[in-house]
Each structure stands twice: as C-alpha cells, then as structure tokens.
Amino acid sequence: MHILVTGGAGFIGGHLAESFVEAAHDVTTVDILEPFYDLGLKEHNIDVARQRATETDGSYEFIEGSTTNKELVDEIVEDIDIIYHQAAQAGVRASVENPTKVTEYNVNGSQTILEAARKHDVTRVVNASSSSVYGKPEYLPYDESHPNEPVSPYGASKLAVEHYMRVYNEVYGLPTVSLRYFTVYGPRMRPNMAISNFVSRCMRGKSPEVYGDGTQTRDFTYIADIVDANHSLLTDDSADGETMNIGSSDNIDITTLAEVVRDEIDPTLNIEYTEARDGDAEHTHADISKATELIGYEPSREIREGVGEFIEWYEDNREWYEPLVVSS
Ligand SMILES: NC(=O)c1ccc[n+]([C@@H]2O[C@H](COP(=O)([O-])OP(=O)(O)OC[C@H]3O[C@@H](n4cnc5c(N)ncnc54)[C@H](O)[C@@H]3O)[C@@H](O)[C@H]2O)c1
C-alpha cells in the first residue's frame, strides 16, 4: 500500500512511518519541520524511517512542505491509498500563545488534506485527534458521548477537524476515522511534556518540576499502542465515520508520576512545584470500550510499566536524545 503520513517527522508520525515501512509498505511523509522543538529530533525520526527502508521491502520518501499548500498536497495525494493525518501544531501552551497558527495548520491544513483525499478517492483518512476535545470533565472516564467543551485553542481546533472528518464521511462518502489520543509517550517523545521533563531533569540530578499542585490526573498512552491502533485501520473499515478514544484506560496524578520517575532514577530528589499553565485540562481518563469493540484495541502497558521502559530507553539513548530535549 502507498501510505501518506502527514507530520511524519514528528513524534507519532515518525513512529507510524517507521512501522509502515517495516511492514513493507511504501511511505511518503510530508512535514513542514516546524521548529516547535529541536529539529534534530525530527531529523532523527526521518533518518530512522529512511534506514528501515534499506532493511525491508518498504520504501520511504520525505517531502518538506505544508499541508496548507493545496498544489503540493494535491500532487502528493494523487498516488496515495490511505492517509494518516498527524500534522498539527501540537501542544496546548503553544496554542494559547499563537491561536492563529493553530487554526491555519490544524484546521485549514486538515481541510486541504480532506479535499485532496476526496478528489483522488483515497481509501481512508485516519485523523489524529486528541483528548483535548473534552475539556471540562462532567464525568470520568470520558466516553465518546461525553460533552465537548475544549479549554484551549488547540482543543477547539482538534474538535473542528473531527467535525470536518465526520462531515466528509457523511456528505461525500469519504471513509474517515478520528482517533482521540490521550497523552502519548515513549521513545523519541516530544520534549516539554511531563514524562520527558521529569525523566530528563532527574537524570541530570534536578528535581522534577510539577506545574500546578500536581493533583491533575492524566491517562498516558504508550506509543506502541497508538501505532497498533493505527495499523488496525489499514484494512479494517468497521470504524469508518467514527471517532474513538485511544488511551491506556489507566490514569495517574502528576505528583505520583513525578514520584514514580524520581524513585526510579534518584530517590534523594525533592518534587518542586511551579505555576499552573493556561489551557491545561484538569483530568483526562479514557473509556476505550468503543475502540475495543470496533477495532479490537487493547492497550499493552499500564503507566508505571511504560514509564519504566521509557527510562530504560532514555538511558540507552541519552547521548543523542538528552541534548535535544534539554535545548528545546
Ligand atoms: N503527543 C501527544 O500526546 C498527542 C496527544 C493527542 C493528540 N496528538 C496529535 O497527534 C499528532 C502528532 O503529534 P506529535 O506528538 O507527534 O507532535 P509533533 O509536534 O511531534 O508532530 C507534529 C508534526 O506535524 C508537523 N506539522 C505541523 N503543522 C504542519 C503543516 N501545516 N504541514 C506539515 N507538517 C506540519 C510538525 O512539523 C511536526 O513535525 C498531532 O495531530 C497532535 O495534535 C498528540
């Protein structure tokens, strides 16, 4: 299959591209190489997928460009069977600082992808959505019928895109699926996220720094589970037109997470608290029964287990990864 991964130089897109190449598919990625964090991490992601293509029957092509560029997108999508749409300005805080960019990249860029997909009869568009579409919890865990009240421009943009995905399915018959990822972590993860921050600080003998009072809770999803959920949709059409939570169904408060990391790396460190950040959700917790029912999704790791694996990976890759995380 010829697969397009948008945002393919990013954390999740990089893993998806690599895994599809490993499964002997032909992969094209498009990414604007936004310097939201150290570009060395994105270059590494591209190199890994490119290297996999030399070891397998798959192929890999990287195109630098924007999903908002209609001509470019039209040209790329012409030969594509299925699109995994990951390109977005990620990050709640970045969206609070620059909401206009979020609308341009996340909403307009997605619509450009949908138009090209419709024109060229793509088999399916799988859209990376987010738990940020829920915003204020009325009850937990969130199921997909929970009300949507995003509390950041980022969450609003992801919700708008979900609606476009559903509408293109209903109005034009284009098969689309939105996956609401719950905070994703694992090897090569983005800097400036709780887990990468805590691990990186503790490794350097610094106290983990918690934003706010640490009572916020999160459902963290291991990257391998995100990859598996996306792979199921290569051939399975049972979720077309649907939106599903993809989380771990486990959750943890941020102070406990900081303690887990600290105890694993250096139990002598204290936990430090600093100001809460605008736009951060108070709690996230996924009810994953819809994804289990539709595509057989089963998360493979509880948070403590996954964090332990990430710490091991960090130790093995510290030499190249740490400078990129610290400089971001
Ligand atoms: N990481 C998470 O915890 C998480 C949680 C929920 C949803 N998501 C969603 O998953 C997707 C991937 O997130 P990630 O963590 O890999 O982020 P990331 O920032 O590592 O990757 C996103 C990539 O998209 C690229 N990009 C942004 N705008 C673009 C545009 N207009 N054209 C082309 N490329 C563009 C960026 O350069 C970047 O490389 C995003 O859609 C994000 O909203 C991520």
Side-chain angles (χ1 to χ4, degrees), residues 4-18 28-46 49 62-70 72-73 76 83-95 98 101-113 125-134 150 152-162 165 178-196 218-223 225-227 229-230 243 245-248 280-281 284 286 306 324-325 328:
L4 172 63
V5 181
T6 72
F11 165 46
I12 298 172
H15 278 278
L16 286 179
E18 181 192 3
T28 297
T29 59
V30 62
D31 197 298
I32 199 171
L33 298 181
E34 178 70 20
F36 172 46
Y37 53 82
D38 199 308
L39 287 179
L41 208 44
K42 300 193 186 193
E43 281 153 18
H44 187 91
N45 291 335
I46 296 168
F62 173 74
I63 297 169
E64 183 174 350
S66 177
T67 50
T68 57
N69 180 337
K70 292 192 178 84
L72 176 70
V73 168
I76 296 172
I83 301 177
Y84 282 89
H85 180 44
Q86 313 297 305
Q89 176 58 59
V92 163
R93 281 160 224 143
S95 82
N98 193 344
K101 185 192 259 184
V102 168
T103 307
E104 176 65 8
Y105 283 7
N106 300 10
V107 183
N108 298 348
S110 300
Q111 215 256 329
T112 307
I113 291 290
V125 178
V126 182
N127 171 48
S129 191
S130 164
S131 57
S132 308
V133 299
Y134 292 114
S152 66
Y154 171 72
S157 75
K158 297 308 263 187
L159 184 57
V161 175
E162 279 188 4
M165 292 287 155
S178 287
L179 301 180
R180 290 180 177 163
Y181 302 157
F182 282 65
T183 319
V184 188
Y185 72 103
R188 297 189 258 143
M189 73 181 290
R190 285 187 354 231
N192 302 321
M193 297 186 75
I195 293 178
S196 44
R218 286 284 175 280
D219 186 322
F220 289 99
T221 319
Y222 200 71
I223 184 67
D225 293 328
I226 296 287
V227 169
N230 279 286
T243 298
N245 290 337
I246 301 292
S248 73
D280 272 349
T284 70
L324 302 176
V325 180
S328 290

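Note: hydrogens, waters and symmetry copies are ignored here, and every other heavy atom, side chains too, is used. Counting begins at 1 with the first residue of the sequence. Order of appearance sets the numbers: ligands from 1, and atoms from 1 within every ligand.
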Practice item. Look at the side chain of Ser178 and the backbone N and O of Thr243, then say whether any donor-acceptor pair between them is shorter than 3.5 Å. Key: no
Exercise for review: State, with a plain yes or no, whether a side-chain heavy atom of Glu34 is found less than 4.5 Å away from one of Lys101.
Suggested key: yes
Point to revise | Cationic N near anionic O, under 4.0 Å, Lys42 to Glu64 | key: no
Point to revise | Set of salt bridge (charged side-chain N to carboxylate O under 4.0 Å, His left out) partners for Arg190, sequence neighbours left out | key: none
Revision key, fill the gap. side-chain hydrogen bond (donor to acceptor under 3.5 Å, both in side chains) with Ser129: of His85, Glu162, Lys158, only one passes, and it is Glu162
Review point. Does any non-hydrogen side-chain atom of Ile12 lie less than 4.5 Å from one of Tyr181?
Key: yes
Review point. Can you name the residues that come within less than 4.0 Å of ligand 1, going by heavy atoms only?
Key: Gly7, Ala9, Gly10, Phe11, Ile12, Asp31, Ile32, Leu33, Glu34, Tyr37, Lys42, Gly65, Ser66, Thr67, Gln86, Ala87, Ala88, Ala90, Tyr105, Ala128, Ser129, Ser130, Tyr154, Lys158, Tyr181, Thr183, Val184, Arg190, Met193
